[in-house]
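Here is the structure we will look at, set down as structure tokens.
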Amino acid sequence: MSGTLLGFDFGTRSIGVAIGQRVTGTARPLGALKAQDGTPDWNAIAKLLKEWQPEAVVVGLPLNMDGTEQPLTARARNFANKIHGRFGVKIVLHDERLSTVEARAGLFKHGGYRALNKGKVDSASAVVILESFFEQGF
């Protein structure tokens, strides 16, 4: 086990990506992938998986504040299933409630409004998702 995990913040136009290390419980942004109605460039995902060789991929699961599913929840599950089906990597779905809010607040604190571009927010959200996953002791 490498202890390395890739995290994805699924979106229909942009998918945030982060890399994290189980040993330190920390993650860092890798940027965002463009998506066409939720479909990413699968070659870009293959490249990330080959480069980082994660032991698992953590995909944020968008839920309503009361824990119920929303339309994007099924699409995120489908995205996760496709990664597993195409590449055979272990997938973990992780509750991502408020990850974007937390990511935006952190970016704003360090860079003001200029830091709030879509790609940075999405990759920072992926960092929040991975670090939250680590905090829960997984």
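The basis for the numbers below is simple: all heavy atoms, side chains too, and nothing from hydrogens, waters or symmetry mates.
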Checklist entry - Any donor-acceptor pair under 3.5 Å linking the side chain of Thr73 with the backbone of Pro62? => result yes
Checklist entry - To the nearest 0.5 Å, how far apart are CD in Glu96 and CZ in Phe10? => result 10.0 Å
Checklist entry - Roughly how far apart are Ile45 CD1 and Ile83 CD1, rounded to 0.5 Å? => result 4.5 Å
Checklist entry - Heavy-atom distance under 4.5 Å between the side chains of Gln36 and Arg13, does that happen here? => result no
Checklist entry - Mind checking whether Ile91 and Asn81 have side chains closer than 4.5 Å, heavy atoms only? => result no
Next on the checklist: So which atom in Ala35 and which in Ile15 form the shortest heavy-atom distance, rounded to 0.1 Å?
Outcome noted: CB-CD1, 4.0 Å
Item to check | Donor-acceptor contact present, side-chain His94 to main-chain Val58, <3.5 Å | outcome: no
Next on the checklist: side-chain contact (heavy atoms from CB on, under 4.5 Å), that's the test. Do Arg77 and Leu93 meet it? Break it down for me.
Outcome noted: CA-CA 8 Å; Arg77 280 185 205 280; Leu93 296 170; 3.5 Å; yes
Item to check | From Leu61 atom CG to Asp9 atom CG, the distance as rounded to the nearest 0.5 Å | outcome: 11.5 Å
Item to check | Approximate separation, where rounding is to 0.5 Å, of Leu6 CG and Glu51 CD | outcome: 9.0 Å
Item to check | Distance, nearest 0.5 Å, that separates CG of Leu5 from CD1 of Ile129 | outcome: 13.0 Å
Item to check | CG on Leu30 to CD1 on Ile19, rounded to 0.5 Å | outcome: 6.0 Å
Item to check | Any donor-acceptor pair under 3.5 Å from Gln21 side chain to Thr26 backbone | outcome: no
Next on the checklist: Any non-hydrogen side-chain atom of His84 less than 4.5 Å from a side-chain atom of Lys90?
Outcome noted: no
Next on the checklist: Would Thr39 and Phe79 count as a side-chain contact (heavy atoms from CB on, under 4.5 Å) here? Give the steps.
Outcome noted: CA-CA 8 Å; Thr39 302; Phe79 169 72; over 6 Å; no
Checklist entry - Which pair of heavy atoms, one from Gly7 and one from Ala126, lies closest together, and at what distance? => result O-CB, 3.8 Å
Next on the checklist: Do Pro54 and Leu49 have side chains that approach each other closer than 4.5 Å (heavy atoms only, starting at C-beta)?
Outcome noted: yes
Checklist entry - Please walk me through it: do Leu33 and Val17 pass side-chain contact (heavy atoms from CB on, under 4.5 Å)? => result CA-CA 7 Å; Leu33 304 173; Val17 185; 3.9 Å; yes
Checklist entry - Any Lys/Arg nitrogen of Asp37 or Arg75 sitting under 4.0 Å from an Asp/Glu carboxylate oxygen of the other? => result yes
